[in-house]
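Proteins get letters first, then strands, A, B, ... in listed order; numbering begins at 1 in each.
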There are 2 protein chains.
Amino acid sequence: MTSTYEFPRPALTVDCVVFGLDEPDLKVLLIRRELEPYRGKWALPGGFVHVDESLDDSAKRELREETGLEKVFLEQLYTYGDVDRDPRERVVTVAYYALVRLSDHRVVAATDARDAAWFGVHDVPRLAFDHDRILNAAYQRLQNKVRYEPIGFELLPRKFTLRQLQRLYEIILDRSLDKRNFRKKILGMDVLEELDEVETDVAHRAARLYRFNQKRYREMVKQGVNFEI
Amino acid sequence: MTSTYEFPRPALTVDCVVFGLDEPDLKVLLIRRELEPYRGKWALPGGFVHVDESLDDSAKRELREETGLEKVFLEQLYTYGDVDRDPRERVVTVAYYALVRLSDHRVVAATDARDAAWFGVHDVPRLAFDHDRILNAAYQRLQNKVRYEPIGFELLPRKFTLRQLQRLYEIILDRSLDKRNFRKKILGMDVLEELDEVETDVAHRAARLYRFNQKRYREMVKQGVNFEI
DNA sequence: CCTCTTAGTGTTAAGTATACACTAAGAGGG
DNA sequence: CCCTCTTAGTGTATACTTAACACTAAGAGG
């Protein structure tokens, strides 16, 4: 029975690509490494999987420890296991990506005495390990996913205007959308709750605020409604 | 430096969901377990990741060792890491799915003195560990993927009729398709090469044979052609 | 009250998806 | 050889979806 377990084991880590919307940019949270290898380089937040926690829990814990973030949208991306992706020894990493409301979670800067910073997604320096590759994959996944699942809301304040929502899609997809068509489509999905409030502190006509209705969304999904943008 | 590596490590395995088309059924290859736990139960082929091979290589090796299959379509699916998914100890598994041409790879039966068998995808017994869950996820992924990427060809003989191709889609998607619309669409994608051959040994008018043109496909992809069915 | 900025709103045309039925070819049996 | 059986192969009309497009309304600020 134990004979099946004689192999030397790869180390197992999780790494998180954390996206935040800081108009007019989509940003990614990076941590500066304090140890070799790649000391001083920027890298994705992450760390070792403990033997008594699930992968999802590891990712949540690392996110909390390294960035102070909690209760954010988090989804597994892909597992990277090339033999020499870490120069020290064999390390397999399960990559996640997270979406955070910068409006809620006030800028996470240097939690835990660590150097952390947000970078524009098109403006990221060369990262440690194979983290560039992971980041690119996460960005592509986000672009794909946002087109047929309404996860974009996770990046906006809970109450938002249609303009904000459209901007969000434009930023993520990196192309402009037609205002009237966008509104028609998104309202037609029937998952936005129109509030009796308008935005404040704007120097022009104030736009109506909306809220994403999660429950309604789940009903719509059951009915097979299409959420493609 | 080594202090970061003090954790007890989860064991790391790969498991493969191997699909084959055996008209009129989509089948999955399973292995009967010879050891505890779940001795005698059916399970996905798989095994431990060696410290000197990539995850993809592990999956390929396991496939070869356990089923004799080589050079098949293989793609990573998801990584499963619940704490108690294996009753012995902590095991994290990277799941893959594979598509094989049963026409090429003659039935794999009991390679390596192991009991292996193909099961209809809707007719699979309760599996060992969390393998039911993995199998379901793989099936869903296949259904999704086949709708916008022409991976179905990996399950057919290299030369096939349009009818075979349509049947394949019908089997995977579990719904019937309109013959004329299907032909229009699939030929319109311009990735099928019409051969000067027809099928043989049929008791009715013989259909023309086609071949998937990989190179042409890659060109079409660059041009942003849509492969949705 | 004038200016500036963004909110909010419908219609038309083009393109795409769907529904649908008959003739052609070839095999096989009498 | 001819009749039957089975599947191959083909086009059109309609419904639906997407894309393009511009003006009036509201409110803030000077």
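- Between Glu65(B) and Arg61(B) a salt bridge is recorded (basic side-chain N to carboxylate O distance below 4.0 Å).
- Counting only distance, with no hydrogens or angles, the side chain of Gln166(B) and the backbone of Leu177(B) share a donor-acceptor pair below 3.5 Å.
- Nucleotide dG29(D) forms a pair with dC2(C), judged by Watson-Crick or G-U wobble geometry with both contacts under 3.5 Å.
- Contacts with DNA chain C (heavy atom under 4.0 Å) in residues 178-192 of chain B: Asp178(B), Arg180(B), Asn181(B), Lys184(B), listed by number.
- Phe212(A) pairs by the ring pair (Phe, Tyr, Trp, His ring centres under 6.0 Å) definition with Phe153(A), Tyr217(A), not counting sequence neighbours.
- Atom CG of Leu162(B) and atom C1' of dT10(D) are 12 Å apart (whole Å).
- With sequence neighbours excluded, the residues forming a ring pair (Phe, Tyr, Trp, His ring centres under 6.0 Å) with Phe119(B) are Trp42(B), listed by chain and number.
- Ring pair Tyr139(B)/His122(B): centre-to-centre distance below 6.0 Å.
- When the nearest nucleotides of DNA chain D are assigned to Asn226(A) and Ala207(B) by heavy-atom distance, the more 5′-ward of the two goes with Ala207(B).
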Within the sub-3.5 Å range, which N or O atoms of nucleotides 24-30 of chain D have a protein N or O partner, and how far apart are they?
unit_1	atom_1	unit_2	atom_2	d
dA25(D)	N3	Arg205(A)	NH1	3.1

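- What separates CD of Gln166(A) from C1' of dA7(C) is a distance of 12 Å, to the nearest Å.
- Counting only distance, with no hydrogens or angles, the side chain of Thr93(B) and the backbone of Thr13(B) share a donor-acceptor pair below 3.5 Å.
- Evaluation of the salt bridge (charged side-chain N to carboxylate O under 4.0 Å, His left out) test over residues 169-185 of chain B, restricted to residues two or more places apart or in two chains, returns Arg167(B)-Glu170(B).
- Sorted by first and then second residue, the pairs that involve residues 68-77 of chain A and meet salt bridge (charged side-chain N to carboxylate O under 4.0 Å, His left out), not counting sequence neighbours, are Glu75(A)-Lys145(A).
- Following rounding to the nearest Å, Leu209(B) (CG) and dG9(D) (C1') show an atom-to-atom distance of 15 Å.
- Checking side-chain atoms of Arg32(A) against main-chain N and O of Ala43(A) turns up no donor-acceptor pair under 3.5 Å.
- Nucleotide dA21(C): paired with dT10(D) (Watson-Crick or G-U wobble, both distances less than 3.5 Å).
- Remark: C1' of dG8(C) and CG of Leu165(A) are 16 Å apart, rounded to the nearest angstrom.
- Distance Glu23(A) CD to dT6(C) P: 12 Å, rounded to the nearest Å.
- Between the P atom of dA17(C) and the CZ atom of Phe227(B) lies a distance of 14 Å, rounded to the nearest Å.
- With rounding to whole Å, Glu228(A) atom CD is found 7 Å from dT18(D) atom P.
- Here the P atom of nucleotide dT18(C) and the CD1 atom of Ile229(B) are 11 Å apart, to the nearest Å.
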